[in-house]
Amino acid sequence: MQVQAPKGTEDVTPLQSWRWQLVEAAQREICARYGYREVRTPVFEHTELFLRGVGDTTDVVQKEMYTFEDKGGRSVTLKPEGTAGVVRMLLESRLYAEPMPIKTYYSNCPVFRYEKPQSGRLREHHQFGVEAFGAPLPTVDAEQISLAWELLHGLGLRDLALHINSIGCPTCRPVYHQRLRDFLASKLDALCDTCKDRYERNPMRILDCKSPACQAQLVGAPSVLDCLCEDCQNHFDALQQALGALNVPFSIDPGIVRGLDYYTKTVFEIIGQFPVGKLTLCGGGRYDGLVEQLGGPALSGVGFGMGTERVLLALAQQDIAQAEPALVELFLCTQNEAARMPGLALVKALRDAGVHADMDHVGRSMKAQFKFADKCGARLVAVLGEEELSGGTVTLRDMQTREETKLSLDGAAAEVARRLGKA
RNA sequence: GUGGGUGUAGUUCAGCGGUUAGAGCGUCAGAUUGUGGCUCUGAAUGUCGUGGGUUCGAUUCCCACCAUCCACCCCA
């Protein structure tokens, strides 16, 4: 084997694609019910969009972007997250002139981060995500969380935990930053090197540090939640009420600090514990300053991203059975050479009638054709042989009941469609 | 970027310093006359990751490289 997929990428083979399709169908269905419309944005954008949007102090921007120069000397980047592109589209298409709110989603959106792959982590993965613009009320935060919660549970997942937090806004966050710095000032030497760096630039990220040394220093640290301004506090209170109204259980976790700089107020994650370990399936929050920061009007935003590979991994980890659709509903067995062309015409007539039909293209024996039909999950098998050809008929076998009936060749397609409930 | 594990058939894995490297699953073909799922029989497929070293001899031992998996960091 010489050629292989680049590190950290995965193919979706014909043996697996149905699993993706089931998840994507669920995403589309729930978005339709919640009033979110699909958007599609380019796989790559100008690098500057992410520098300004995601924030140039974040790990994602600093060390994980797939950035390169195109032949015209422009710096472009494969999208490392979904939101910035949607905001750019909103501005470029002047969608903000439409009635608010604008509720959008993307499904199967490729996302690229240059990292070392491991379980549940790839260099290219795919996200489902929603974004709502021009909706400042916390009800929309709650609606999105509910959408994600319902989607995951609708797929059959269980034992998930919703963690919410508020990280304040430009009014109150600096107050908290200062309080946190004051608290940590005397403990600075004990922090890990990256956290020493974070101390000045973005002290909240220290809360997210997994180093035991740092965690030990954080005991008794002030919480953001004690520093929220009145507006943020009211928003957070109302969010909790809304989640209560929607029957979505949650826990408040001041340790939830998102890795992207644009978040304000609400942040949340949906986490599951699996045999492979803890997986964040979904993460998001509110980003009220982002649209303006990218040169647009002051427009609020809320959104989340959900990793499809992780959802599929979670489904596999919890042994959740998904019904694989049969490859064909009817398989046509041809007994001999003479039956092949009439058979091809019959299969076409069946397909025209909406039946998922196929026939032998390999030249196998009747027995092998039946075996193959069985592997394809065919409910019906049609047989075309000498006997049928001479009488202008086709034999139809129900693979479950083993009953066989003879149909006229002319009316066969319509009759099969009727039996399969398609007519 | 740092650390650990693993590389043998399509796949999951055995194996051993010494003739023609194995098994389950899968694939294909058969078990009389045009008919599947179960069972039985048979067949095909491997530069034993790559390069070097030790050795009379390496798939087996050592080293390097590459790939892959996992952990940390970070995140979906």
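So you know, we letter chains A, B, ... as the sequences are listed, proteins then strands, and number each from 1.
- For residues 133-149 of chain A, every residue pair satisfying the salt bridge (charged side-chain N to carboxylate O under 4.0 Å, His left out) rule, not counting sequence neighbours, is listed here: A:Lys103-A:Glu143, A:Asp141-A:Arg286.
- A salt bridge does not link A:Arg28 with A:Glu24: none of the charged nitrogens is closer than 4.0 Å to a carboxylate oxygen.
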Residues 152-163 of chain A, side-chain donor-acceptor partners within the protein, below 3.5 Å, at least two apart:
| residue | atom | partner | partner atom | Å |
| --- | --- | --- | --- | --- |
| A:His153 | ND1 | A:Trp149 | O | 2.8 |
| A:Arg158 | NH2 | A:Gln318 | O | 3.3 |
| A:His163 | ND1 | A:Asp253 | OD2 | 2.9 |

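- Rounded to whole Å, the P atom of B:C61 lies 14 Å from the corresponding atom of B:G5.
- Only the P atoms considered, B:U47 is 7 Å distant from B:A9, to the nearest whole Å.
- The list of ring-ring contact (aromatic ring centres under 6.0 Å, His included) pairs with a residue in residues 385-406 of chain A, not counting sequence neighbours, is empty.
- Listed candidates were B:A71, B:U68, B:C74. Nearest to the side chain of A:Gln118 is B:A71.
- Here the separation of B:C74 from B:U55, taken at their C1' atoms, is 48 Å to the nearest Å.
- Within residues 313-340 of chain A, no residue places a heavy atom under 4.0 Å from RNA chain B.
- Residue A:Thr58 places none of its side-chain N or O atoms closer than 4.0 Å to OP1 or OP2 of B:C74.
- Rounded to whole Å, the P atom of B:G3 lies 30 Å from the corresponding atom of B:U59.
- Residue A:Glu387 is in base contact, counting any heavy-atom pair closer than 4.0 Å across all strands shown.
- For A:Phe268 and B:A76, the CZ to C1' distance is 12 Å, given to the nearest whole Å.
- Listed by first and then second residue, the ring-ring contact (aromatic ring centres under 6.0 Å, His included) pairs that reach into residues 389-423 of chain A come to none, sequence neighbours excluded.
- The side chain of A:Glu64 sits closest to B:C74 out of B:G36, B:C74, B:A76.
- A 4.5 Å side-chain heavy-atom check between A:Asp288 and A:Lys265 finds at least one atom pair inside the cut-off.
- Counted within 6.0 Å of CZ on A:Arg37, heavy atoms from surrounding residues, nucleotides or ligands total 12 or fewer; the atom is thus considered open.
- A:Met399 comes within 4.0 angstrom of a base, heavy atoms only.
- Taking atom C1' on both nucleotides, B:G36 is separated from B:U11 by 25 Å, rounded to a whole Å.
- Whole-Å rounding puts the A:Gln400 CD to B:U35 C1' distance at 16 Å.
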- [ ] Could you please spell out the steps behind the side chain to side chain donor-acceptor pair (under 3.5 Å) verdict for A:Gln293 and A:Tyr287?
- [x] CA-CA 10 Å; A:Gln293 192 182 318; A:Tyr287 46 88; over 6 Å; no
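- When side chains are defined from C-beta on, A:Leu409 does not count as touching A:Glu388, because their heavy atoms never get closer than 4.5 Å.
- Checking A:Gln144 against A:Tyr34 by side-chain atom types alone, no donor-acceptor pair falls below 3.5 Å.
- A:Asp374 contributes no side-chain N or O that forms a donor-acceptor pair with the base of B:G37 under 3.5 Å.
- Under the 3.5 Å distance criterion, with hydrogens and angles disregarded, no donor-acceptor pair is assigned to the side chains of A:Thr9 and A:Glu124.
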Close N/O contacts between protein and nucleotides 2-8 of chain B (under 3.5 Å):
| residue | atom | partner | partner atom | Å |
| --- | --- | --- | --- | --- |
| B:U2 | O4 | A:Lys116 | NZ | 3.0 |

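- Applying the salt bridge (charged side-chain N to carboxylate O under 4.0 Å, His left out) test to pairs two or more places apart or on separate chains, those with a residue in residues 325-334 of chain A are A:Glu329-A:Lys422.
- When each of A:Glu81 and A:Phe370 is assigned the nucleotide of RNA chain B with its nearest heavy atom, A:Phe370 is the one assigned upstream, toward the 5' end.
- Checked by atom type, the side-chain pair A:Ser107/A:Glu38 shows no donor-acceptor distance below 3.5 Å.
- Closest approach of A:Phe128 and A:Gln27 over heavy atoms only: CB-NE2, 3.2 Å.
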Sort me out a list of protein N/O and nucleotides 27-32 of chain B N/O pairs below 3.5 Å, or just none if empty.
| residue | atom | partner | partner atom | Å |
| --- | --- | --- | --- | --- |
| B:C28 | OP1 | A:Arg364 | NH1 | 2.9 |

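- Between A:Met306 and A:Leu151, some side-chain heavy-atom pair lies under the 4.5 Å cut-off.
- RNA chain B is contacted by no residue of residues 30-38 of chain A, taking any non-hydrogen atom closer than 4.0 Å.
- Pairs engaging residues 360-374 of chain A under the salt bridge (charged side-chain N to carboxylate O under 4.0 Å, His left out) rule: A:Arg340-A:Asp360 [sequence neighbours left out].
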TODO: Toss me the dot-bracket line for RNA chain B: Watson-Crick and G-U wobble, both under 3.5 Å, 5' to 3', using | for pairs to another strand and [ ] for crossers.
DONE: (((((((..((((....[...)))).(((((.......))))).....(((((..]....))))))))))))....
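- Between A:Leu239 and A:Ile145, some side-chain heavy-atom pair lies under the 4.5 Å cut-off.
- Listed nucleotides B:U35, B:U68, B:C75 differ in distance to A:Glu404; the shortest reach to its side chain belongs to B:U35.
- Looking at A:Lys406 and A:Glu387, a side-chain N of the basic residue comes within less than 4.0 Å of a carboxylate O on the acidic one, giving a salt bridge.
- Within 4.0 Å (heavy atoms only), A:Leu122 reaches at least one base atom of the nucleic acid.
- Nearest heavy atoms, A:Ser223 versus A:Tyr176: C-CE1, 3.4 Å.
- Counting non-hydrogen atoms under 4.0 angstrom, A:Val276 reaches the backbone sugars and phosphates but no base.
- Side-chain proximity of A:Arg402 to B:U68, B:U35, B:G36: nearest is B:G36.
- Residue A:Gly283 is classed as a sugar-phosphate contact, given heavy-atom separations below 4.0 Å to backbone atoms only.
- Contact check of residues 140-151 of chain A against RNA chain B (heavy atom, cut-off under 4.0 Å) returns no residues at all.
- The residue A:Gly277 sits apart from the nucleic acid: no heavy atom pair falls under 4.0 Å.
- B:U20 and B:G24 have their C1' atoms separated by 23 Å, with the value rounded to a whole Å.
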